[in-house]
There are 2 protein chains.
Amino acid sequence: MQITDLNLSTRQVRAFTALAEHRNFTRAAEQCHLSQSAFSSLIRTLEDSLGVRLFDRDTRRVELTPEGRLFLGGATRVLASLRDALEDLGEHATGRRGRAGVAALPSLAAGWMPGVLAAFHQEYPGIQVDVADVLSESCIEFVRSGRADFALASMRSVGPDLQAEPFCRDGFYLVCRKDHPLSRRRRLTLPALSGEPFIHLAQDSSVRQHIEAAIHPAKMNGMMELDQLSTVAGMVRAGLGITVVPALTLFHFDSDDLTALPVETPGLTREVFVIRRRDRSLSIGAQALLAFMMQRRPQPGEKRGSRRAAALPRGRSR
Amino acid sequence: MQITDLNLSTRQVRAFTALAEHRNFTRAAEQCHLSQSAFSSLIRTLEDSLGVRLFDRDTRRVELTPEGRLFLGGATRVLASLRDALEDLGEHATGRRGRAGVAALPSLAAGWMPGVLAAFHQEYPGIQVDVADVLSESCIEFVRSGRADFALASMRSVGPDLQAEPFCRDGFYLVCRKDHPLSRRRRLTLPALSGEPFIHLAQDSSVRQHIEAAIHPAKMNGMMELDQLSTVAGMVRAGLGITVVPALTLFHFDSDDLTALPVETPGLTREVFVIRRRDRSLSIGAQALLAFMMQRRPQPGEKRGSRRAAALPRGRSR
DNA sequence: CACACTTACGATATTCGTAAGGATT
DNA sequence: AATCCTTACGAATATCGTAAGTGTG
């Protein structure tokens with residue numbers, strides 16, 4: 001018989017090693033949770049399919065044949081490597097070990113994620129999380145290339161190989177000095193701010209694009225254009241102008257001098273999506289992380305990013 | 001589920017690796033000689049019993065899940081170590097490889113065995129033969145301790161743990177110089193030789209014991225006692241006396257000066273037995289060697305041990 | 001006769017292949 | 001329409017446990 005056509009079960013091999021150990025059918029059968037007779041025919045079947053007698057036995061004595069001794073070594077190794085593989089698999093399947101790669105907008109990665117990841121690490125200490133804090137476009141690329149299992153990003157239009165589902169909505173807030181006249185207004189809209197000196201982010205940032213789309217075809221009174229929100233915060237604190245940013249970035253502006261007020265212009269919300277590959281399931285670890293994040297997704301109106309929260313331990317991340 | 005209770009078949013694991021390789025149920029099923037539907041449920045059963053989804057599949061695409069990729073390594077290793085074990089076992093079972101340990105009387109080991117082992121090695125080049133050429137008592141000990149699988153020796157009374165079955169009978173021969181008057185006799189008996197100066201072997205040799213038992217209570221006219229047959233041969237050739245030895249030892253006396261004539265005294269035969277452990281089967285290699293030797297056992301009346309035969313290559317031996 | 005392995009046998013469970021179903025290109 | 005995986009289902013096969021059989025100390 002061809003080796004590749006041979007069908008062996010782990011049960012048979014385990015029965016073999018059990019009998020080799022006990023040299024006694026009855027006790028070996030007990031160890032395998034089998035009746036003695038079923039165990040007997042199991043051994044016989046094994047011997048038949050291998051074409052070798054593995055045990056010398058009469059009613060009184062059970063001993064390995066020389067070939068049985070030879071096979072015992074191989075059988076033990078096979079069972080050991082199988083056990084290793086199954087334990088490994090089991091640990092991943094139950095989330096005791098694993099890996100999850102997530103790409104996220106820098107605002108989410110810096111403001112909202114650290115606390116979430118800290119809690120996640122508490123619950124799943126064996127799962128390594130790799131974070132890529134990059135802009136939306138790069139997030140997509142991370143997912144497409146497989147470097148990330150999923151992404152939290154704001155691009156809706158992704159290729160057919162990816163799928164996007166809503167994650168959260170992010171309202172926009174005016175940020176200005178507390179002594180600025182606007183800080184006493186009840187209701188704010190984007191056009192109402194269009195006369196103020198405005199600190200912009202770069203043209204390719206999603207924040208800038210949301211703002212310009214919402215007020216189009218008008219424009220804000222831009223007086224400066226920066227790349228980093230923390231620099232924007234410094235400029236606003238210095239009284240050089242005002243700015244408008246999504247709620248999730250407000251932690252950058254967490255200062256006693258500044259205040260943040262919701263801007264109620266229809267269409268001025270940033271939508272964040274969960275983006276992942278369409279035809280490919282998430283690893284168990286990534287599934288756990290995603291479920292965890294979905295449960296703790298930022299609530300609309302919730303202002304995140306107090307210094308206390310941002311100072312939380314960040315868990316394992318790249 | 002406990003890992004130790006899990007029953008996996010090699011068929012399942014092979015199906016898994018086949019599908020991982022082909023990423024196509026139909027072709028993987030063919031490789032496993034299964035219908036596509038049976039193959040499908042095989043994979044499903046495997047996934048269920050492992051509790052992990054191993055493949056992402058729709059009607060168009062089949063891909064390993066992250067857990068599937070993880071398991072693929074383990075599964076490959078398991079199959080490889082199983083294949084190794086089975087090949088090893090198969091080679092031993094079919095006699096392509098193996099070992100046989102045999103203990104034999106020095107006379108058999110030196111005279112009859114070399115040619116037999118040479119032929120055996122031709123037919124079973126992969127079987128290593130270990131020979132112990134020791135006296136009968138040591139032969140028994142080799143078998144009892146397991147250092148030899150079986151022995152060819154002349155002791156009949158062995159313990160209950162061993163069994164002895166007849167192997168061959170060995171007639172006794174007078175050896176004297178060709179110019180000795182006895183060499184012209186037609187029929188020879190032991191008593192008829194009792195007057196001649198006789199070259200004895202040591203008291204504990206089986207040859208000496210056979211001779212003394214056959215002529216008891218009379219005695220031969222011993223004039224010398226030696227340990228080695230080759231020394232005996234030298235003495236006889238020098239004309240110091242005559243001797244009587246079993247046929248299988250005659251190769252020691254293969255000289256132009258000497259002649260060997262059968263001694264026809266009832267009871268004067270040496271019986272050689274195959275001795276082996278009772279409750280323990282022989283390794284396949286030992287079985288092959290024993291069967292081979294049984295087929296070629298020395299024939300009664302056959303005079304072995306010409307210089308030509310003794311010069312044959314001896315095959316592999318210790 | 002007590003113990004320990006084997007055999008007999010009916011019940012249950014598994015596995016197989018054929019054929020129909022459903023989804024995708 | 002063609003391809004490819006899944007499901008349905010009856011038949012063949014395998015496995016199990018109970019119980020009887022057999023051989024040994």
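Below, all heavy atoms of this structure are taken into account, side chains as well, without hydrogens, waters or symmetry copies. All chains are named by letter (A, B, ...) in the order of the sequence lines, taking the proteins before the strands, and each is independently numbered beginning at 1. These numbers come from a predicted model, not from an experiment.
- Under a 3.5 Å cut-off, the side chain of B:Arg280 and the backbone N or O of B:Arg277 do not form any donor-acceptor pair.
- Under 3.5 Å, the side chains of B:Ser206 and B:Ser136 contain no donor-acceptor pair of N or O atoms.
- Per the geometry, CD belonging to B:Glu30 stands 11 Å off P belonging to D:dC4, to the nearest Å.
- A:Ser107 and A:Arg270 share a donor-acceptor pair across their side chains, judged by distance under 3.5 Å alone.
- In this structure, A:Glu63 atom CD and C:dC5 atom C1' are separated by 15 Å, rounded to whole Å.
- What separates CZ of B:Arg278 from P of D:dT24 is a distance of 11 Å, to the nearest Å.
- Under the 4.5 Å side-chain criterion, counting only non-hydrogen atoms from C-beta, A:Leu6 is in contact with A:Ser49.
- Stems are defined here as 3 or more consecutive Watson-Crick or G-U wobble pairs with pairing distances under 3.5 Å; those involving DNA chain D are C:1-25 with D:1-25.
- Regarding B:Leu46, its CG atom lies at a distance of 15 Å from the P atom of C:dT14, rounded to whole Å.
- Considering only heavy atoms from C-beta on, B:Phe150 comes within 4.5 Å of B:Met293 through its side chain.
- We find that CG of B:Asn7 is positioned 16 Å from P of C:dA13, with the value rounded to whole Å.
- Not counting sequence neighbours, A:Arg69 has no partner by the side-chain hydrogen bond (donor to acceptor under 3.5 Å, both in side chains) test.
- For A:Ala148, the side chain to side chain contact (heavy atoms under 4.5 Å, CB included) test picks out A:Ala103, A:Phe142, A:Val143, with sequence neighbours left out.
- Partners of B:Phe120 under the ring pair (Phe, Tyr, Trp, His ring centres under 6.0 Å) rule, at least two apart in sequence or in another chain, are B:Tyr124, B:Phe292.
- To the nearest angstrom, P of C:dA4 lies 19 Å from CG of A:Asp56.
- Partners of A:Arg278 by side chain to side chain contact (heavy atoms under 4.5 Å, CB included), not counting sequence neighbours, listed by chain and number: A:Gln163.
- OP1 or OP2 of C:dT6 has at least one side-chain nitrogen or oxygen of A:Arg57 nearer than 4.0 Å.
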Let me have a per-nucleotide readout for nucleotides 20-25 of chain C, 5' to 3', with B, S or -, counting only protein heavy atoms under 4.0 Å.
--BBBS

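- Sequence neighbours left out, the pairs with a member in residues 37-47 of chain B that pass salt bridge (charged side-chain N to carboxylate O under 4.0 Å, His left out) are B:Glu47-B:Arg53, B:Glu47-B:Arg57.
- Taking atom CZ of A:Arg44 as the reference point, atom C1' of C:dA8 lies 13 Å away to the nearest angstrom.
- For B:Asp48, there are no side-chain hydrogen bond (donor to acceptor under 3.5 Å, both in side chains) partners at least two apart in sequence or on another chain.
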Go along nucleotides 9-20 of chain D 5' to 3' and tag each nucleotide: B for a protein heavy atom under 4.0 Å from its base, S when only backbone or sugar atoms are that close, - otherwise.
-------SBBB-

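- The salt bridge (charged side-chain N to carboxylate O under 4.0 Å, His left out) contacts involving residues 15-35 of chain A comprise A:Arg23-A:Glu63, where partners must be two or more places apart or lie in separate chains.
- Atoms CD1 (A:Ile43) and C1' (C:dA4) sit 15 Å apart, rounded to a whole Å.
- Within residues 14-23 of chain A, no residue has any heavy atom closer than 4.0 Å to DNA chain D.
- Residues A:Asp56 and A:Thr65 bring no donor and acceptor atom of their side chains to less than 3.5 Å of each other.
- The side chain to side chain donor-acceptor pair (under 3.5 Å) analysis of residues 76-88 of chain A, with sequence neighbours excluded, yields the pairs A:Asp88-A:Arg97.
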